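Notes to accompany the following structure.
Note that the structure is a prediction, hence the values are computed from the model and not measured. Because only heavy atoms are used, hydrogens play no part in the values below, and waters and symmetry mates are left out as well, while side chains stay in.
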Amino acid sequence: LGAAGLNATFQILTRKLAGDDLIALIFYPSLVGAVPMSLAVPFFRSEFSYLTSLDALLFIAIGIFGLLGHFLYVQAFQRATASTIAPCTYMQLVWATLGGWLAFGAFPHRWALAGMIVIAASAVMLTWYERRRAGLNNGEPGPGEWLQTPMMMCVPGAGLTEIKLD
């Protein structure tokens, strides 16, 4: 429950601060997560002898994919409204379920599946209702129109780079 609350806070702050500096939006949440976890390490039994070089590479890969995911998440909020992006975040349910099933052989029981269906269906219905209430042309780009705007990416040491998707 605490993780859900912190994740919701993270998403709301990312939506509200999406217009700010991209590097700051990626750096500070990472710092806020890393500092408390680093301070907590001495209070836990630490036997790191079982970590192999493969484990270290996998941790680095997790960090890189997390950075990429956060970067794309912020870019999405800089390019579209929260109501446009919200239904896409519910794909996390699908991917988490699939990942848990494939990696750990754990498939959610029927009540968990029912809860996921209720959450996803309510999000879809709310999005449909809000779009219908606001009218069809609400100033947002239509399907495929977002591809016309360039994506800006800041690469450390290289400056700001413009990527056009054609």
Side-chain angles (χ1 to χ4, degrees), residues 1-20 22 25-41 43-45 50-51 54-147 149 151 165:
L1 197 55
L6 289 174
N7 187 29
T9 303
F10 163 74
Q11 288 187 12
I12 290 168
L13 288 175
T14 301
R15 288 176 189 157
K16 295 225 179 265
L17 300 172
D20 290 353
L22 181 62
L25 280 172
I26 292 174
F27 176 73
Y28 288 117
S30 301
L31 186 68
V32 168
V35 169
M37 289 302 178
S38 298
L39 294 174
V41 167
F43 299 105
F44 293 94
R45 187 173 155 184
Y50 61 85
L51 291 176
L54 176 62
D55 294 333
L57 287 173
L58 290 174
F59 278 123
I60 290 169
I62 289 170
I64 290 170
F65 283 119
L67 174 69
L68 178 64
H70 192 186
F71 171 76
L72 293 173
Y73 192 69
V74 171
Q75 283 282 322
F77 280 110
Q78 288 178 342
R79 303 178 80 186
T81 62
S83 63
T84 304
I85 297 167
C88 299
T89 60
Y90 289 101
M91 283 302 293
Q92 292 173 357
L93 290 171
V94 174
W95 293 117
T97 302
L98 186 63
W101 180 48
L102 293 176
F104 305 110
F107 195 77
H109 55 80
R110 65 180 169 190
W111 289 111
L113 286 173
M116 289 180 208
I117 291 169
V118 167
I119 290 169
S122 62
V124 168
M125 291 301 293
L126 182 62
T127 302
W128 174 77
Y129 173 75
E130 289 295 325
R131 284 184 183 240
R132 210 165 144 83
R133 191 179 74 157
L136 294 178
N137 188 5
N138 56 1
E140 293 182 24
E145 290 179 15
W146 64 273
L147 291 173
T149 60
M151 180 172 68
L165 302 171

Exercise. Quick one: closest heavy-atom pair of Ile119 and Ser122, and the distance?
Key: O-OG, 2.9 Å
Quiz item: Between atom CZ of Phe59 and atom CG of Asp55, what is the distance when rounded to the nearest 0.5 Å?
Solution: 6.5 Å
Practice problem: State, to 0.1 Å, how close Leu31 and Pro36 come at their nearest heavy-atom pair, and which atoms those are. | Solution: O-CD, 4.2 Å
Self-check item: Residue among Ile62, Leu58, Ile64 satisfying side-chain contact (heavy atoms from CB on, under 4.5 Å) with Ile60
Solution: Ile64
